[in-house]
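FYI, side chains are in, hydrogens and waters are out, and symmetry mates aren't considered; it's all heavy atoms of this structure. Here the structure is a predicted model, which is why all the values come from computation and not from measurement.
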Amino acid sequence: MTRRLVDAATGLATLVLLALVWELYKWLGPADGWSIGEIRVLPRTSDLAMPHTWEILGRLADPLTAAPDAPSLAGAVLAAGAFSFGIALLSWVLGVTVGILLALGMQRLRVVESAVLPLVILSQTIPLIALAPLVRGWGSRLYLGPVEWEPWMSVAVIASYLAFFPVAVGALRGLQSPDTIHVELMRSYGAGWWATLVRLRLPASVPHLLPALRLAAANAVVGTVVAEVSTGIPGGLGRMILEFANFASSDPAKPWAPLLGAVLLGLVVAGLVALIGLPLSRFRRVEVSA
């Protein structure tokens with residue numbers, strides 16, 4: 001419990017430090033930024049480009065619009081975040097499932113690893129922003145009987161495309177991590193592949209798999225927001241980022257609200273993945289960085 005409190009305090013202190021760095025640069029940085037030739041190296045520090053942190057936080061309590069019954073900006077961001085959270089969680093589950101299945105196949109047969117692993121790595125070189133419209137176009141042509149393919153399903157598939165990669169690689173490393181002497185000991189006991197997997201390889205893969213799950217969760221959030229921006233589906237943080245960008249000149253604090261929502265969404269998803277690691281703590285003698 002003490003360690004968790006220290007981690008939470010460290011995270012809170014990091015956020016405060018980032019806010020202080022923001023304000024320090026706004027105070028000391030040049031108003032027009034700093035450029036080298038045509039390349040802008042440091043951003044502008046004007047109120048339009050960098051509103052004060054207290055202005056951004058204060059704007060969250062204001063109404064979303066001038067309508068009498070308009071919800072607060074924070075409420076609208078939370079509602080959009082809940083929509084994106086559902087998609088991100090589904091994409092994470094899909095990515096983890098596909099990644100683990102690929103890892104099991106690559107560990108079981110060397111020929112599968114030789115054929116599939118290069119394709120898994122190559123798949124991550126395709127820009128997501130270019131892939132998203134194609135996936136949505138393909139999804140609109142799918143017919144699943146009585147089930148109608150919804151646009152958010154395309155977003156979940158797109159985000160899972162980013163989430164499966166660290167799981168596939170991390171799980172493969174973990175499944176291959178037991179020493180040869182331990183594998184041969186299992187064989188001497190007459191244990192088959194399944195028994196060796198359950199009793200040796202899966203427990204040994206936990207220090208490799210948990211960081212991969214956290215990275216997959218972050219990728220799922222990023223993939224969901226980017227896919228929402230690329231496809232333009234309503235209801236999520238991605239669409240809100242697009243819509244609020246139009247207020248950058250008249251209400252500079254407003255476009256930062258969905259960005260804070262995306263940060264909060266990432267923290268929530270990371271916290272859920274951390275909870276998964278609690279019952280597996282006895283297998284986490286040494287955790288390997290992904």
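Considering only heavy atoms from C-beta on, Leu102 comes within 4.5 Å of Val98 through its side chain. In this structure the side chain of Tyr189 never reaches within 4.5 angstrom of the side chain of Glu184, judged on heavy atoms. Within the 4.5 Å cutoff, the side chain of Leu197 has heavy atoms near those of the Leu104 side chain. With contacts defined as side-chain heavy-atom distances shorter than 4.5 Å, the pair Leu264/Leu78 qualifies. Put simply, the side chain of Phe85 reaches to within 4.5 Å of the side chain of Val269, judged on heavy atoms. With a 4.5 Å cut-off on side-chain heavy atoms, Val183 and Asp179 do not count as touching. Phe83 is not listed as a side-chain neighbour of Pro234, based on a closest heavy-atom distance of 4.5 Å or more.
By the side chain to side chain contact (heavy atoms under 4.5 Å, CB included) test, Leu213 pairs with Trp92, Val96, Val167, Leu209, Leu210, Val273, sequence neighbours left out. With sequence neighbours left out, the salt bridge (Lys or Arg N to Asp or Glu O under 4.0 Å) criterion links Arg201 to no other residue.
Here the closest heavy-atom approach between residue His208 and residue Gly170 is recorded as CB-O, 3.5 Å. Across all their heavy atoms, Ser91 and Ala163 have their closest contact at O-CB, 4.1 Å. What you find for Leu172 and Ala103 is that their closest heavy atoms are N-CB, 3.7 Å. Here the closest heavy-atom approach between residue Pro252 and residue Pro51 is recorded as O-CG, 3.8 Å. Contact record, Pro207 with Pro211: O-CD, 3.1 Å, taken as the closest heavy-atom pair. Gly223 approaches Ala159 most closely through the heavy-atom pair C-CB, 3.7 Å.
Using a 4.5 Å cut-off between side-chain heavy atoms of Ile, Leu, Val, Met, Phe, Trp and Tyr, with links allowed through other members, Val116 and Ile121 fall into the same hydrophobic cluster. Put simply, Trp27 and Leu57 are part of two different groups of oily side chains (I, L, V, M, F, W, Y) that touch within less than 4.5 Å, one to the next.
Looking at Ser114, its side chain never comes within 3.5 Å of a backbone N or O of Val111 through a donor-acceptor pair. The backbone N or O of Val155 sits nowhere less than 3.5 Å from a side-chain atom of Glu228 that would complete a donor-acceptor pair. Ser205 places a side-chain N or O within 3.5 Å of a backbone atom of Leu202 that can act as its donor or acceptor partner. A donor-acceptor pair under 3.5 Å is formed between the side chain of Arg59 and the backbone N or O of Pro63. A donor-acceptor pair is defined here as one N or O able to donate and one able to accept, closer than 3.5 Å; such a pair exists between the side chain of Glu23 and the backbone of Thr53. Judged by distance alone, the side chain of Thr125 and the main-chain N or O of Leu122 form a donor-acceptor pair under 3.5 Å. For the pair Ser72 (side chain) and Asp62 (backbone), a donor-acceptor distance under 3.5 Å is absent.
Remark: aromatic rings of Trp256 and Trp54 are distant, center separation not under 6.0 Å.
Between Arg239 and Glu243 there is a salt bridge, with a side-chain nitrogen of the basic residue lying less than 4.0 Å from a carboxylate oxygen of the acidic one. Salt-bridge check for Arg110 with Glu113: passed, with a basic side-chain N closer than 4.0 Å to an acidic carboxylate O.
Counted within 6.0 Å of CG on Leu28, heavy atoms from surrounding residues, nucleotides or ligands total more than 12; the atom is thus considered enclosed.
Within the model, atoms CD1 of Ile233 and CE of Met153 stand 11.0 Å from one another, a figure rounded to the nearest 0.5 Å.
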message: For a side chain to side chain contact (heavy atoms under 4.5 Å, CB included) check, start with the C-alpha distance between Leu94 and Phe164, then their side-chain angles and the critical distance, and finish with the verdict.
response: CA-CA 8 Å; Leu94 291 175; Phe164 91 93; over 6 Å; no
task: Tell me, with the steps shown, if Tyr25 and Met50 meet side chain to side chain contact (heavy atoms under 4.5 Å, CB included).
output: CA-CA 10 Å; Tyr25 174 72; Met50 289 185 64; 3.7 Å; yes
